[in-house]
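A quick write-up on the structure given underneath.
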Amino acid sequence: MLRPRALAAVVTTVRSAMLHGVLGKAAGRRPVAARLLHTTFPLHGLRDGPPHDWGQAELDALFRDLPDLHAKFDPMVDALPPPQPPEGFYASEDPRDHTYADVGKFYEVSDEDLETYFKEGICGELYKQWRSFSGRSQAILIRPQALEIIECLRKSLINGRGDSRDHLGGHPIVLDGPRGCGKSCVLNHVIHFARKEGWLVVSIPSARDVFTHYRDNYREDSVHEDYSGCWDIPPSADEFLDLMLVENEDTLKEIPVKDTKLLEKYDITEPGSDQSLFGMIVGAKELGPTYVGQCPMDFRAELNRVIERPVLLTIDQYNSFFGPSNFKDVYDHTIGAQELSMVRAFLPLHGLTNGKIVVANCYRHPFRSTMNRFSLAPFTLHIPRFSRKEFEQMIAYYRQVEWLLSDPHDELIDRFWALTSGRGDKLFLCAGWSGQQTF
């Protein structure tokens with residue numbers, strides 16, 4: 001009689017072999033997909049694997065239909081045209097119109113909105129999925145957590161400007177949850193709403209790439225210690241400033257710099273010079289790398305003083321701030337992310353006079369142990385993995401965009417849900433590898 005842990009290991013081994021043999025062959029794909037699907041799945045609500053009394057018969061029953069996913073077919077003959085979406089499948093394209101009655105529906109993001117409100121890019125892997133659909137659709141699933149945050153944004157302002165108090169007491173919001181649960185999609189929904197409402201949205205789609213893991217090659221002299229004992233990274237700071245100019249060029253021109261010392265620092269004191277936040281960033285770029293390296297910290301301080309418009313600061317992969325960076329000092333020692341001056345500036349989740357801070361963590365680094373560092377403790381909003389009903393909606397959407405070529409039956413939806421543990425990213429992979437098959 002196998003012990004529970006030993007049986008769980010057997011299940012993982014059997015699943016690995018089956019997936020390498022079934023999904024690994026589809027469309028000539030490499031069996032990397034099989035490794036991505038190695039999780040203990042919650043079949044019938046069980047999160048920690050199969051029941052202890054499962055034997056070989058139950059394992060055989062679990063995998064009996066998987067080989068059918070690899071059934072060969074002629075796409076010109078067997079593929080079915082996508083069905084028309086049922087009435088009420090899509091909600092309004094304007095996120096300001098969404099209510100709790102729209103939970104579980106998709107709403108489409110037009111090309112015009114994508115170019116206007118997401119100039120800096122989409123958080124997470126959603127845009128890669130949209131590209132896989134060859135332009136057939138760009139839609140976001142409406143989750144109740146997104147609507148809850150939108151309600152907070154609506155209540156956080158008093159008479160047009162505010163003390164940032166809502167029913168959460170003005171606390172910043174941290175989106176927490178397991179990998180693949182849709183945290184980035186919730187963040188995209190909130191960003192879309194805020195920009196439609198005219199907020200100044202400072203969105204950082206990937207804190208890891210922008211702040212702590214600069215992707216291009218950099219010289220040793222581009223990393224230097226500043227007066228505060230932190231490390232300035234001018235190339236990374238320059239990328240961040242470019243991101244700010246792309247996101248909010250017109251809005252930043254409307255907001256003046258409040259700290260007169262910064263006007264002198266960035267040489268914008270002359271009459272007729274641009275003394276806005278936009279002018280401060282341009283002035284830093286003209287003055288050279290030293291000023292570029294310090295400008296993000298001054299920009300963050302100025303955000304706290306903005307009263308002309310409500311401010312929404314969003315950071316995806318926020319807890320990458322608590323791990324190592326890919327920068328090294330002159331002694332070839334790795335510099336921790338919290339030793340970087342830009343990270344120090346954006347690490348505290350408080351300070352905005354008129355606005356809200358919403359961040360999402362990722363699975364790469366520890367997170368909760370750092371909560372006591374903040375003088376204003378954040379409110380953690382848990383994002384659960386997708387429910388069975390949401391999975392059914394997502395599979396129906398994949399059918400609409402022809403990521404699946406025929407309508408899956410209820411039993412296969414159950415198996416997808418069990419196999420992927422309710423993870424949206426794994427459903428996308430699983431449906432994609434089996435999308436060239438009919439069911």
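These numbers were taken from a predicted model, which means no experiment stands behind them. Residue indices begin at 1 and follow the sequence shown. Values reported hereafter were calculated over all heavy atoms of this structure, with side chains retained and with hydrogens, waters and symmetry mates removed.
We find that Lys105 and Glu390 are not joined by a salt bridge, their nearest charged nitrogen and carboxylate oxygen being 4.0 Å or further apart. Taking a cutoff of 4.0 Å between a charged side-chain nitrogen and a carboxylate oxygen, Asp274 and Lys253 do not qualify as a salt bridge. Salt-bridge formation is not detected for the pair Glu197/Arg154: no Lys NZ or Arg NE/NH1/NH2 atom is positioned less than 4.0 Å from an Asp or Glu carboxylate oxygen. Using a cut-off of 4.0 Å between Lys/Arg side-chain N and Asp/Glu carboxylate O, Lys183 and Asp176 are scored as not salt-bridged. Salt-bridge check for Glu302 with Lys258: failed, with every basic side-chain N at 4.0 Å or more from each acidic carboxylate O. Salt-bridge annotation for Glu93 and Lys196: absent, with no side-chain N of the basic residue lying under 4.0 Å from a carboxylate O of the acidic one. A salt bridge links Lys128 with Glu125: at least one charged nitrogen is closer than 4.0 Å to a carboxylate oxygen. At a threshold of 4.0 Å, the pair Arg415-Glu411 counts as salt-bridged, since one of the basic side-chain nitrogens sits closer than that to a carboxylate oxygen.
Taking the centre of each ring, His171 and His350 stay at or above the 6.0 Å mark. Ring pair Phe391/Tyr398: centre-to-centre distance not below 6.0 Å. Taking the six-membered ring where the residue is Trp, the centroids of His192 and Phe118 are separated by under 6.0 Å. In this structure, Phe89 has its ring center under 6.0 Å from that of Phe106. Here the two rings, on Phe428 and Trp403, have centers that are under 6.0 Å apart.
Partners of Asp410 under the side chain to side chain donor-acceptor pair (under 3.5 Å) rule, at least two apart in sequence or in another chain, do not exist in this structure.
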